[in-house]
Amino acid sequence: MGQIISTSFDQSTGAPYPFLGQVLITAQEIEQRVCTLGEQITRDYQDSEHLLLLGLLRGSVMFITDLMRQIRRPLTMDFMSVSSYAGSESTGFIRIDADHKTNIHGWDVILIDDIVDTGYTIHTVRKLLLERRPRSLKICALLDKAERHRVDIPVDYMGFSIPDEFVVGYGLDIDEKGRNLPYIASVDLEKYRKS
Ligand code: PRP
């Protein structure tokens, strides 16, 4: 029998990453919000026979796996992997690295992402998916930086609206670090440069 090791991090000090600023959204707040979103989706899709949660890798992984457990309907899960062409700042040019496997024609699709920032990613993927003639297509994002939007995005299910700060945790990263935090925290960029 393996030893049981606590996986909880100390939210007051920001361990184990030295570059964290403040905890903006606690693990408990995320849990409650995800539960509410799951209830809403359950209600909205009572008549759906082919419901697909389509997550964008990699940021959406923690969110989609928690959310799907709160949806009391039969559903299927699939993923796409997409990336911006250059740098950390979205460019508006999105590359599809891996496509979903499900034939979504006639399906009720909910596109799931961790964050809508400029909106280019969701905007581009949404356009592509609509060409594949789903029965319906909705957008679900855990976080929304509305003041950063560069395109008009209908976010149908939104977890939290956040200010224009660099954040990590619950799937979100800075240079691939911080995804495993169970909460959302701001990054202290000064500390990050020194770390
Ligand atoms: C992040 C995030 C969104 C996108 C949001 O993905 O997960 O998909 O950027 O930005 P936008 O609204 O400005 O387009 P990233 O390319 O960093 O990949 P990741 O999911 O693997 O972290």
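Heavy atoms only: backbone and side chains are in, while hydrogens, waters and symmetry mates are out. As the structure lists them, so they are numbered: ligands from 1, and atoms in each ligand from 1.
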Option passing side chain to side chain contact (heavy atoms under 4.5 Å, CB included) with Leu52 (candidates Leu75, Ile110, Val109): Val109
Residue pairs fulfilling side chain to side chain donor-acceptor pair (under 3.5 Å) with at least one residue in residues 60-71, sequence neighbours excluded: Asp66-Arg69, Asp66-Tyr170
Ligand 1 N/O within reach of Gly119 N/O, cut-off under 3.5 Å: yes
Part of Met80 within contact of ligand 1 (heavy atoms, under 4.0 Å): neither
Ligand 1 atoms in contact with Gly59 (distance to a heavy atom under 4.0 Å): 19 (P), 20 (O), 21 (O)
Selection residues 19-51 - residue pairs positive for ring-ring contact (aromatic ring centres under 6.0 Å, His included), sequence neighbours left out: Tyr17-Phe19, Phe19-Tyr192, His50-Trp107
Any donor-acceptor N/O pair, Asp108 side chain to Ser48 backbone, under 3.5 Å: no
Ligand-residue contact atoms, ligand 1 with Leu57, heavy atoms, under 4.0 Å: 20 (O), 21 (O)
Any N or O of Asp173 closer than 3.5 Å to N or O of ligand 1: yes
Where ligand 1 meets Ile115 - atom numbers and elements under 4.0 angstrom, heavy-atom basis: 2 (C), 3 (C), 5 (C)
Residue-ligand contact Arg179/ligand 1, heavy atom below 4.0 Å: yes
Closest candidate by heavy atom, reference atom 3 (C) of ligand 1, pool Asp113, Thr121, Leu56, Ile153: Asp113
Short side-chain donor-acceptor distance under 3.5 Å, Arg73 and Thr42: no
Heavy-atom closest contact (Asp173 atom, Asp175 atom, distance): OD2-N, 3.6 Å
Shortest non-hydrogen contact between Arg135 and Gly106, atoms and distance: CB-O, 3.3 Å
Distance filter under 4.0 Å to Asp114 heavy atoms, resulting ligand 1 atoms: 2 (C), 3 (C), 7 (O)
